[in-house]
Amino acid sequence: MPERADRTHGPANSYGLAGRTAVITGAASGIGAATARLLAARGANVLIGDVDPAAAGTVELIRSTGGKADWAHTDVTDESSVAALMDRALDAFGALDILVANAGIAEPKGPLHTMELRDWQRVIDINLTGVALSNKHALRHMLPAGSGAIVNVASILGSVGAANSNSYSAAKAAVANLTRSAALTYATSGIRINAVAPGYARTPLVDGLPEETRSMMESRTPLGRLADPTEIAEAIAFLASDAASFMVGSILAVDGGYTAA
Ligand SMILES: NC(=O)c1ccc[n+]([C@@H]2O[C@H](COP(=O)([O-])OP(=O)(O)OC[C@H]3O[C@@H](n4cnc5c(N)ncnc54)[C@H](O)[C@@H]3O)[C@@H](O)[C@H]2O)c1
C-alpha cells in the first residue's frame with residue numbers, strides 16, 4: 001500500500017503540484033481551460049489534448065505567467081490519438097502524474113423517441129468512451145510508476161434525471177460508475193481515481209443553449225447562479241492533489257446545491 005503523502009512542510013503544501021505533470025483533455029475552453037491554468041499555477045506541467053487549436057491560447061496564457069504547458073491535437077474518440085497524447089507527457093515532461101478526463105460535448109436535447117442514432121453515438125463516443133480511453137492510456141504509464149491521480153468529469157446529470165436529456169445523462173452516469181469501479185481496481189496500486197460532478201457552469205457548452213434554458217439552469221440551482229469554471233477547477237485540483245490522499249472512487253458534487261435538494 002502506498003504511504004500517505006509526506007506533510008512535513010505543513011498542510012498547505014499538500015495542495016501544491018510542483019513538479020507533477022498533468023494531462024487534461026478538452027482544455028481549449030471552459031472547465032478544462034480553467035483547470036489547466038489552476039494546475040499550472042499550483043506548479044504542475046500541463047499537457048492539453050484537444051481537437052480545437054484554441055488550446056494553444058490556454059498554453060500561451062499559462063506560459064505568460066511563467067508556467068510550463070503544451071498541447072497536442074487529440075481526439076478522445078481515437079485510441080491511437082489518446083495513446084500518443086499520454087506518451088507525449090513522458091517525452092515532454094518525463095512523467096504522467098495526473099489525468100483530468102474532461103473533454104465532453106452537449107447533446108441535441110429532445111424526447112427520446114426523436115433521438116437520432118448518430119447523435120447518440122457521438123455523445124457516447126466523446127463523453128464516455130473518450131473518458132475510458134483516456135484512463136486506459138494514462139494508467140499504462142501510472143502503473144509502472146506506482147502512483148497517479150485521475151479526475152474524471154461527470155455531471156449532475158449523471159446523478160439525477162432531466163427531461164429530454166438522453167445520451168448525455170446516460171454517458172455521465174456511466175462515467176461516474178466507471179470511476180468507482182476503476183478506483184477499486186487500482187486503489188492498491190497507488191493510483192487514486194475520482195470524479196467531479198459539476199452543476200451548470202458558464203462555459204461555451206452552456207452559452208450555446210437557448211436563453212430560456214440558461215434561465216432555467218439558474219433558477220433550479222439553489223445558489224441562484226451558474227458556476228464560474230474556476231469553481232469547478234478548484235475541486236478538480238483538490239482531487240488531483242495529495243490533499244485528497246484518502247479519496248478513492250468519490251463522485252464530488254460541485255453544483256451550487258443542485259443535487260442536495
Ligand atoms: N458547463 C456545464 O454546465 C457542465 C456541467 C456539468 C458537466 N460539464 C462537463 O464539463 C466538461 C467540460 O465542458 P465545458 O462546459 O467546459 O465545455 P467546453 O465546450 O468549454 O469544453 C469542452 C472541451 O472539450 C473539447 N472536445 C470536444 N470534443 C473533443 C474530442 N473529441 N476530443 C478532444 N477534445 C474534445 C472541446 O474542444 C472543448 O475544449 C464536459 O465533460 C462537460 O460535459 C459541464
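Heavy atoms only: backbone and side chains are in, while hydrogens, waters and symmetry mates are out. All ligand and atom numbering here is 1-based and tracks the order in the structure.
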Between Ser250 and Met247 (side chain of the first, backbone of the second, donor and acceptor by atom type, cut-off under 3.5 Å), is there such a pair? no
Cationic tip of Lys68 within the cone over Phe93's six-membered ring, i.e. under 6.0 Å and within 45° of the normal? no
Any side-chain heavy atom of Thr221 within less than 4.5 Å of one from Glu218? no
Tell me whether Arg192 contacts the main-chain N or O of Ala244 through its side chain, where contact means a donor paired with an acceptor under 3.5 Å. yes
Among non-hydrogen protein atoms, atom 16 (O) of ligand 1 lies closest to Ile31 N, 2.8 Å
Quick test of your reading of the structure: of Leu205, Leu209, Val206, whose heavy atom lies closest to atom 17 (O) of ligand 1? Leu205
Do Ser64 and Glu60 pair up side chain to side chain, a donor and an acceptor below 3.5 Å, judged on atom types alone? no
Got the closest protein heavy atom to atom 5 (C) of ligand 1, with its distance? Gly199 O, 3.2 Å
For Tyr200, counting its heavy atoms only, list the atoms of ligand 1 lying under 4.0 Å from any of them. 3 (O)
Quick test: of every protein heavy atom, which one is nearest to atom 29 (C) of ligand 1, and how far off is it to 0.1 Å? Val51 CG2, 3.7 Å
Between Arg63 and Asp70, is there a side-chain N and carboxylate O pair less than 4.0 Å apart? yes
Per-atom contacts, ligand 1 versus Ile126 - under 4.0 Å to a heavy atom: 28 (N), 31 (N)
Check this for me, if you would: do Arg225 and Glu231 make a salt bridge, where the nitrogen-to-carboxylate-oxygen distance has to be below 4.0 angstrom? yes
Counting heavy atoms under 4.0 Å, the part of Ala154 that contacts ligand 1 is backbone
Lys172 heavy atom under 4.0 Å from ligand 1: yes
So which heavy atom in the protein is nearest atom 42 (C) of ligand 1, and how far is it from that ligand atom? Tyr168 OH, 3.4 Å
Closest protein heavy atom to atom 31 (N) of ligand 1, given as residue, atom name and distance to 0.1 Å: Asp75 OD1, 2.9 Å
Under 4.0 Å from a heavy atom of Gly104: give me the atoms of ligand 1 that qualify, with their elements. 22 (C), 24 (O), 40 (C), 41 (O)
Contact check, side chains of Arg20 and Asn45, non-hydrogen atoms, under 4.5 Å: no
Numbering as shown, the atoms of ligand 1 that approach Val153 to under 4.0 Å (heavy-atom distance): 9 (C), 10 (O), 11 (C)
If only atom types and distance count, is the side chain of His141 paired as donor or acceptor with the main-chain N or O of Leu96 below 3.5 Å? no
If you measure only the distance, is there a donor-acceptor pair under 3.5 Å linking the side chains of Thr179 and Asn152? yes
Lys/Arg-Asp/Glu bridge criterion (N-O < 4.0 Å) met for Arg202, Asp228: yes
Polar proximity ligand 1 side, Arg122 side, N/O cut 3.5 Å exclusive: no
Sub-4.0 Å heavy-atom approach of Gly130 to ligand 1: no
Checking the N or O distance criterion of under 3.5 Å, is ligand 1 in contact with Gly32? no
Numbered atoms of ligand 1 (with element) below 4.0 Å of Gly26, judged on heavy atoms: 23 (C), 24 (O), 25 (C), 39 (O)
Counting neighbours of CZ on Arg122 that are heavy atoms of other residues, nucleotides or ligands and sit closer than 6.0 Å, is the number greater than 12? no
Asp52-ligand 1 polar pair, N/O distance under 3.5 Å: no
Nearest to atom 6 (C) of ligand 1, what protein heavy atom do you find, and at what distance? Pro198 O, 3.3 Å
Evaluating non-hydrogen atoms only, which member of Val196, Thr203, Thr74 is closest to atom 1 (N) of ligand 1? Thr203
Please report which non-hydrogen protein atom sits nearest to atom 27 (C) of ligand 1, along with the residue it belongs to and the distance in Å to one decimal place. Ile105 CG2, 3.8 Å
Gly30 heavy atoms within 4.0 Å reach ligand 1 at atoms 16 (O), 20 (O)
Looking only at distance, does Ile156 have an N or O less than 3.5 Å from an N or O of ligand 1? no
Just wondering, are more than 12 heavy atoms of other shown residues or ligands nearer than 6.0 Å to CZ in Arg220? no
For ligand 1, is there an N or O atom under 3.5 Å from any N or O atom of Thr77? no
Ala54: heavy atom below 4.0 Å from ligand 1, yes or no? no
Does the distance from a Lys or Arg side-chain N to an Asp or Glu carboxylate O, for Arg37 and Glu234, drop under 4.0 Å? no
Considering heavy atoms of the protein only, find what lies nearest to atom 32 (N) of ligand 1 and give residue, atom and distance to 0.1 Å. Val76 N, 3.0 Å
Does any N or O in the side chain of Glu79 come within less than 3.5 Å of the main-chain N or O of Leu133, such that one atom is a donor and the other an acceptor? no
Which atoms of ligand 1 have any heavy atom of Ala28 under 4.0 Å away? 39 (O)
Could you list the atoms of ligand 1 found under 4.0 angstrom from a heavy atom of Asn102? 10 (O), 11 (C), 12 (C), 40 (C), 41 (O)
Please say yes or no: joined through hydrophobic side-chain contacts below 4.5 Å, possibly via intermediate residues, are Leu157 and Leu128 part of one cluster? no
